[in-house]
Number of protein chains: 2
Amino acid sequence: MFTIGMIAKRTGTKVQTIRYYEQIGLMPEPGRTEGGQRRYGDAELDRLAFIRHSRQLGFPLDAIRELLDLSDTPDRPCHEADEIARRQLKLVEQRMERLKALRSELKRMVKECSGGNAAQCRVLEVLRDHSECLTDHDNIGV
Amino acid sequence: MFTIGMIAKRTGTKVQTIRYYEQIGLMPEPGRTEGGQRRYGDAELDRLAFIRHSRQLGFPLDAIRELLDLSDTPDRPCHEADEIARRQLKLVEQRMERLKALRSELKRMVKECSGGNAAQCRVLEVLRDHSECLTDHDNIGV
DNA sequence: ATACATCCTCTAGCTACTGTAGCTTCAAGA
DNA sequence: TCTTGAAGCTACAGTAGCTAGAGGATGTAT
């Protein structure tokens, strides 16, 4: 039997985050002591670890919910999980592309700044004049 | 004189977003018609373009506030703007590193999935067992 | 005069937590 | 058994940066 603090430490999660997961139905309601404190077993610990690891890989909570469902019903076909992972991979790759473009523009800005005062600042100038911008940024989701 | 819809279209911003910027003090309160509708001039249009371009480069609103201050006082030294840009560049590079690690783990997961049912699913297995994870992910900020 | 697009304010919602206040319970040591 | 301090409890507010919707007013073209 573990307290919430114990599974928090073991999985590197904040206590409040675990309670939050319970609130949104991602973690089950655990048993309680007579005094009302939560007590967890190994299954819950595993589930939380699964959630945390998925989060670290950037999966949104909704995707994690699906993955947990799949994990709970072992006879369902695997391709659903596979597809969720592929979707996530694609998202990560898109973000990387986007960051690459940002990086090059930022690098250019910083490089050209020769240090004077704000009136001649190349950084500010670039920000002011969008036409100098080489890349297209449609969506902002960095 | 432009309506809010016009500067929205010109800068690729949603109307609500402009009102939000006004609310948090990033955009000034513009003049109004007798009926109470906002009317903007060129200065405001430029300011909004500056904000949007900065956002597209990933600068947080606080940083943009500083950049706008600098831009408004041309005799202040430039290195402050330079430093903000450098900070942003560093952040972008950190995020890229992180995404690279995620990508490789996701790729591995997806590659090893041979398609069967959830019980043998490699994706779920990897998520379940954190010890298979090669990279360390301390903070999640993807 | 009327139709219709656009504008207004206000409120609530989104993701994924995180922090605080004010109080209670648990477990170990004396 | 009593005390003490850490850790637990609920409930609510706040974070970033918007976005959506209700319900009504205004502006402009015909």
Side-chain angles (χ1 to χ4, degrees), chain A residues 1-27 29-40 44 48 50-68 88 91 95 98 137-142, chain B residues 1-27 29-40 44 48 50-68 88 91 95 98 137-142:
Chain A
M1 285 303 198
F2 314 113
T3 66
I4 196 169
M6 289 161 89
I7 65 165
K9 195 167 281 177
R10 282 242 224 155
T11 59
T13 316
K14 302 232 158 153
V15 167
Q16 295 104 305
T17 304
I18 300 171
R19 291 199 277 246
Y20 168 73
Y21 287 159
E22 183 183 326
Q23 193 187 305
I24 61 170
L26 208 57
M27 284 292 285
E29 290 184 22
R32 302 266 185 157
T33 62
E34 287 194 16
Q37 297 196 354
R38 292 168 179 81
R39 287 299 122 96
Y40 296 92
E44 283 103 328
L48 183 56
F50 186 105
I51 295 170
R52 290 302 340 181
H53 192 196
S54 304
R55 284 295 298 133
Q56 283 161 346
L57 287 170
F59 289 97
L61 293 181
D62 275 356
I64 297 173
R65 223 183 274 271
E66 287 184 68
L67 289 167
L68 281 166
Q88 177 64 14
L91 221 127
R95 282 191 194 150
R98 173 132 179 71
H137 319 286
D138 289 332
N139 50 353
I140 297 182
V142 183
Chain B
M1 285 303 200
F2 313 114
T3 66
I4 196 170
M6 289 163 88
I7 65 165
K9 195 167 281 177
R10 281 240 226 158
T11 59
T13 316
K14 301 233 162 154
V15 168
Q16 296 103 304
T17 305
I18 299 172
R19 290 200 277 248
Y20 168 73
Y21 287 159
E22 183 184 324
Q23 192 187 305
I24 62 169
L26 207 58
M27 285 292 285
E29 291 185 21
R32 302 265 185 158
T33 62
E34 286 194 17
Q37 297 196 356
R38 292 167 178 82
R39 287 298 122 97
Y40 296 92
E44 283 103 328
L48 183 55
F50 185 105
I51 293 170
R52 285 273 94 191
H53 192 196
S54 303
R55 283 296 297 133
Q56 283 161 345
L57 287 169
F59 288 97
L61 293 181
D62 276 355
I64 296 174
R65 225 183 274 271
E66 286 184 69
L67 289 167
L68 281 167
Q88 178 62 14
L91 220 127
R95 282 191 194 151
R98 172 129 180 72
H137 320 286
D138 289 332
N139 51 354
I140 297 183
V142 183

Can I get a per-line list of side-chain donor-acceptor pairs under 3.5 Å for residues 29-40 of chain A, giving both atom names and the distance, sequence neighbours left out?
from	atom 1	to	atom 2	distance (Å)
A:Arg32	NH1	A:Gly36	O	2.9
A:Thr33	OG1	A:Gly35	N	3.3
A:Thr33	OG1	A:Gly36	N	3.3
A:Thr33	OG1	A:Gln37	N	3.0
A:Gln37	OE1	A:Arg39	NH2	2.8
A:Arg38	NE	A:Glu22	OE1	2.7

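At C:dA16, none of the side-chain N or O atoms of A:Thr17 fall inside 4.0 Å of OP1 or OP2 (strictly under the cut-off). Taking side-chain N and O atoms only, B:Lys14 has a distance below 4.0 Å to OP1 or OP2 of D:dA20.
The distance from atom CG of A:Leu26 to atom C1' of C:dC17 is 13 Å, rounded to the nearest whole Å. The interatomic distance linking A:Glu22 (CD) with C:dC17 (P) rounds to 15 Å, in whole Å. Distance CZ (B:Phe2) to P (D:dG27): 18 Å, rounded to an integer number of Å. Look at CE on A:Met1: it is 14 Å from P on C:dC26, rounded to the nearest Å. A:Ile64 places its CD1 atom 12 Å from the C1' atom of C:dT15, with the value rounded to the nearest Å.
What you find for A:Gln88 and A:Leu57 is that their closest heavy atoms are NE2-O, 3.1 Å. Nearest heavy atom pair, residue B:Ala8 against residue B:Val15, reads CB-CG2, 3.9 Å.
With values rounded to the nearest 0.5 angstrom, A:Phe2 atom CZ is found 11.5 Å from A:Thr11 atom OG1. Remark: A:Ile64 CD1 to A:Tyr21 OH distance equals 6.5 Å, nearest 0.5 Å.
Looking only at distances, a side-chain donor or acceptor of B:Arg55 sits under 3.5 Å from a matching main-chain atom of B:Phe59.
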Could you run through nucleotides 1-17 of chain D and give me one letter per nucleotide, 5' to 3': B if any protein heavy atom sits under 4.0 Å from the base, S if only the sugar-phosphate is that close, - if neither? -------SSB------B
